[in-house]
Protein chains: 2
Amino acid sequence: MGHTMREVAKRAGVSPATVSRVLNKTRYISVETQRRVLEVVRQLKYFKNVHARRLATGRSDLFGLVISEIANPYFPEVIRGFQAAAWDRGFDVILCNTQYDQARTKSILRKLIESDVRGVAVMTSSIDKATASELIDAGIGVVFCNVGPAGKLVSTISIDYQRGIEQAIEHIVGLGHRRAAVIAGPGDNRTAITIKDALVAGLKKRNLNPFPVINSNYRVDAGASAVRAMLSTTDKPTAIFCGSDLIALGAMSALEEAGAGIPEDISVIGIDDISFAFLARPPLTTIRVPRERVGTTAFEALDRMLKLKRRKGADYYLETELVVRRSTATAR
Amino acid sequence: MGHTMREVAKRAGVSPATVSRVLNKTRYISVETQRRVLEVVRQLKYFKNVHARRLATGRSDLFGLVISEIANPYFPEVIRGFQAAAWDRGFDVILCNTQYDQARTKSILRKLIESDVRGVAVMTSSIDKATASELIDAGIGVVFCNVGPAGKLVSTISIDYQRGIEQAIEHIVGLGHRRAAVIAGPGDNRTAITIKDALVAGLKKRNLNPFPVINSNYRVDAGASAVRAMLSTTDKPTAIFCGSDLIALGAMSALEEAGAGIPEDISVIGIDDISFAFLARPPLTTIRVPRERVGTTAFEALDRMLKLKRRKGADYYLETELVVRRSTATAR
DNA sequence: CTGAAAGCGCTTACAG
DNA sequence: CTGAAAGCGCTTACAG
């Protein structure tokens with residue numbers, strides 16, 4: 001605790017109200033008075049107290065961003081996008097990771113409500129709508145990802161995996177593949193299910209009966225062990241569609257270990273295009289999710305919704321797109 | 001803004017003070033009164049307002065964590081460690097990324113001071129001691145990484161690269177290498193300089209005259225272009241020590257592109273052991289920096305320092321260690 | 001263009 | 001074991 005506005009006011013020979021107005025530029029104050037006030041502020045190295053301000057105004061300049069695990073390479077760009085959008089408009093963000101922990105999730109929600117955030121972006125499936133209803137009850141806007149539909153105080157962002165998946169399947173078919181497998185994410189994860197269903201449906205539509213179709217988790221080693229199981233069967237796939245890049249990287253690792261050539265013997269397709277996808281050798285072909293835009297869109301969705309009288313949410317859609325990477329060595 | 005403590009008090013037939021005491025467990029309150037209060041809290045879905053609390057207590061439960069860029073894979077574990085340590089003790093953290101931007105850095109510092117944080121962990125070289133002095137002036141404790149020495153309100157964490165580097169050099173010498181190059185980080189980055197000096201000194205000590213020694217930046221493509229320049233010379237190195245894993249991954253990528261075999265033709269050593277190091281093919285041999293411990297130590301350093309009368313800081317040391325990874329394919 | 005005063009929603013000595 | 005009251009440091013109608 002340093003100085004207070006009162007001290008600044010006294011030294012500048014004005015009232016606290018005037019200091020407040022100068023600092024917040026909330027009213028025209030004579031140039032001379034401004035100068036005096038700012039001079040004292042500089043001398044004293046005065047900073048106003050944001051807690052007092054928030055209490056006095058009764059509205060906070062805070063938004064929450066909830067993710068599951070910061071080490072998951074899906075999130076950095078989402079965070080950056082959200083934060084940038086919030087900062088641009090003068091808002092601050094509280095970043096929370098659930099770590100997939102129930103107790104922690106509870107305490108995050110409490111903390112967010114106590115902090116009187118205006119809105120919360122829930123970018124992980126580790127919190128569902130029911131859990132987040134505490135936020136809604138408190139009058140806080142929420143935006144979800146891949147959980148519909150919108151409603152009062154609820155907006156959604158839906159990532160359209162369809163398009164990227166179709167492109168990927170065309171790509172694989174064009175390469176002459178006839179046997180495709182699917183390693184999906186966790187069976188209890190909504191996004192993972194959506195992706196799996198889209199993959200299976202898309203493959204069937206092209207008369208490729210996907211087999212096997214495995215549920216995995218989002219850790220790299222899970223992709224690897226799924227592949228090991230797959231390779232011990234007789235009817236081996238020639239292409240593997242993975243529910244995320246991490247799964248794909250694990251799959252590639254296991255394939256290499258088993259001596260299978262990629263893409264000569266088998267093709268692997270991921271989803272997300274995490275920033276490390278291009279480092280994989282051979283480079284990972286994947287379906288890009290516009291993660292930074294997921295973040296900015298999430299903020300904008302909240303911001304817009306909260307400006308509406310009825311605070312009725314909306315649904316936003318973001319496209320995916322196939323990214324084909326060739327080994328630069330091969331490409332020359 | 002939902003209900004207030006006053007409303008809860010009225011409904012429960014007690015005074016606001018009692019409600020406060022029940023909720024904060026700051027005094028013994030009769031079981032019956034507690035029950036009544038908590039019942040009303042539940043009914044009303046009451047949450048206390050943290051801003052009012054912070055203003056009233058006059059001390060915040062906030063710590064700042066400053067990094068440069070969230071997409072840099074060095075940071076996630078640091079963040080996780082810091083956050084976990086803070087949460088464990090009931091503190092919250094404000095995460096800020098400078099994005100290497102001066103104006104943004106300024107505004108981060110202001111925000112941190114206005115938020116009345118108790119301490120700030122500055123985990124990026126993009127803020128130096130002079131810049132951070134604003135925090136110290138405001139009575140806020142600071143912990144730096146690889147910037148010494150400690151002082152009033154200043155603690156430091158020093159990562160001892162020496163040990164890992166010596167192990168790495170022994171390893172390389174043991175493999176029969178005689179010509180080593182160094183691709184260091186940016187020449188204006190203190191940590192990068194420390195690492196470079198340690199590498200050069202260590203190599204000389206083993207009678208390996210490092211050549212060339214190049215300054216790069218921490219982006220992957222920089223490592224790649226450094227290698228390209230290197231390969232066009234006559235006296236090619238057989239081992240390349242890189243100032244970070246990202247540089248090393250870029251270097252490996254350029255080597256592959258040029259048709260050089262790793263490690264048959266040339267060995268590459270990174271620093272950090274980012275979580276993706278093991279995905280590189282061939283797997284990246286690197287010097288591990290205990291990043292999660294950097295985070296927890298940073299918090300503990302602040303916490304301890306702030307409990308001292310004189311708030312005199314201390315220096316903490318963290319060891320590094322060589323991690324040799326063999327391609328699993330080769331290992332069988 | 002500026003000030004006096006009330007109020008934001010808590011906490012905490014002080015008193016009983 | 002509990003309450004009345006002052007105070008935390010701002011902001012903002014209201015008034016002039």
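It should be emphasised that the depicted structure is a prediction, and the values quoted were computed from it without experimental measurement.
What separates CG of B/L55 from P of D/dT11 is a distance of 12 Å, to the nearest Å. The CG atom of A/L23 sits 15 Å away from the C1' atom of D/dT12 (whole-angstrom rounding). The CZ-C1' distance, from B/F47 to C/dG9, rounds to 16 Å in whole Å. C/dC8 atom P lies 20 Å from atom CG of A/D61, rounded to whole Å. Rounded to whole Å, the distance from CZ on A/R27 to C1' on D/dT11 is 11 Å. The distance from atom CG of A/N49 to atom P of D/dT11 is 10 Å, rounded to the nearest whole Å. Note: CZ (A/R59) to C1' (D/dC10) measures 16 Å, nearest angstrom. Across the protein-nucleic acid pair, B/M5 atom CE and C/dC8 atom P stand 15 Å apart, rounded to whole Å.
OP1 or OP2 of C/dT2 lies within a sub-4.0 Å distance of a side-chain N or O belonging to A/S30. A close approach under 4.0 Å does not occur between any side-chain nitrogen or oxygen of B/T4 and OP1 or OP2 of C/dC8. OP1 or OP2 of D/dG3 sits under 4.0 Å from a side-chain N or O of B/T18. Proximity of B/Y46 to the phosphate of C/dC10: a side-chain N or O atom is located under 4.0 Å from OP1 or OP2. Between B/S15 and D/dT2, a side-chain N or O to OP1/OP2 separation shorter than 4.0 Å is absent. Regarding contacts with the backbone of D/dT11, a side-chain N or O of A/N24 is found under 4.0 angstrom from either OP1 or OP2.
Within the 3.5 Å criterion, the main-chain N or O of B/S60 finds a donor-acceptor partner in the side chain of B/R118. Looking at B/N146, its side chain does come within 3.5 Å of a backbone N or O of B/I159 through a donor-acceptor pair.
Note: B/F63 and B/F91 have perpendicular aromatic rings, judged against thresholds of 30 and 60 degrees for the angle between ring planes.
Remark on DNA chain C: of its neighbouring residues B/H51 and B/A17, the 5'-side contact belongs to B/H51, judged by nearest-heavy-atom nucleotide. Mapping B/A52 and A/R53 onto DNA chain D by nearest heavy atom places B/A52 at the nucleotide closer to the 5' end.
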Quiz prompt | Strand DNA chain C in bracket notation, Watson-Crick/G-U under 3.5 Å with | for pairs to another chain | solution = |||.||||||||.|||
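Between B/I108 and B/I127 the shortest side-chain heavy-atom distance does not fall below 4.5 Å. Side chains of B/L23 and B/M5 form a contact here, defined as non-hydrogen atoms less than 4.5 Å apart. Side-chain contact check for B/N24 versus B/R53: some heavy-atom pair is nearer than 4.5 Å.
Between D/dC14 and D/dC10, the distance separating the two P atoms is 24 Å to the nearest Å. Using atom P as the reference point in both C/dG9 and C/dA13, the two lie 23 Å apart (nearest Å).
Nucleic acid contact class of B/T26 (heavy atoms, under 4.0 Å, all strands): none. If you check every strand for non-hydrogen atoms under 4.0 Å, A/I29 touches sugar and phosphate atoms only. Residue B/V50 is out of contact with every strand shown, counting any heavy-atom pair closer than 4.0 Å. Residue contacts shown for A/R54 are absent, as no nucleic acid heavy atom lies under 4.0 Å away.
Using a cutoff of 4.0 Å between basic side-chain nitrogens and carboxylate oxygens, A/R35 and A/E32 are scored as salt-bridged.
Scanning atom types as modelled, one donor and one acceptor separated by under 3.5 angstrom connect the side chain of A/R21 and the base of C/dG3.
Partner A/T98 forms a side chain to side chain donor-acceptor pair (under 3.5 Å) with one of A/S68, A/S107, A/S126 and no other, that one being A/S126.
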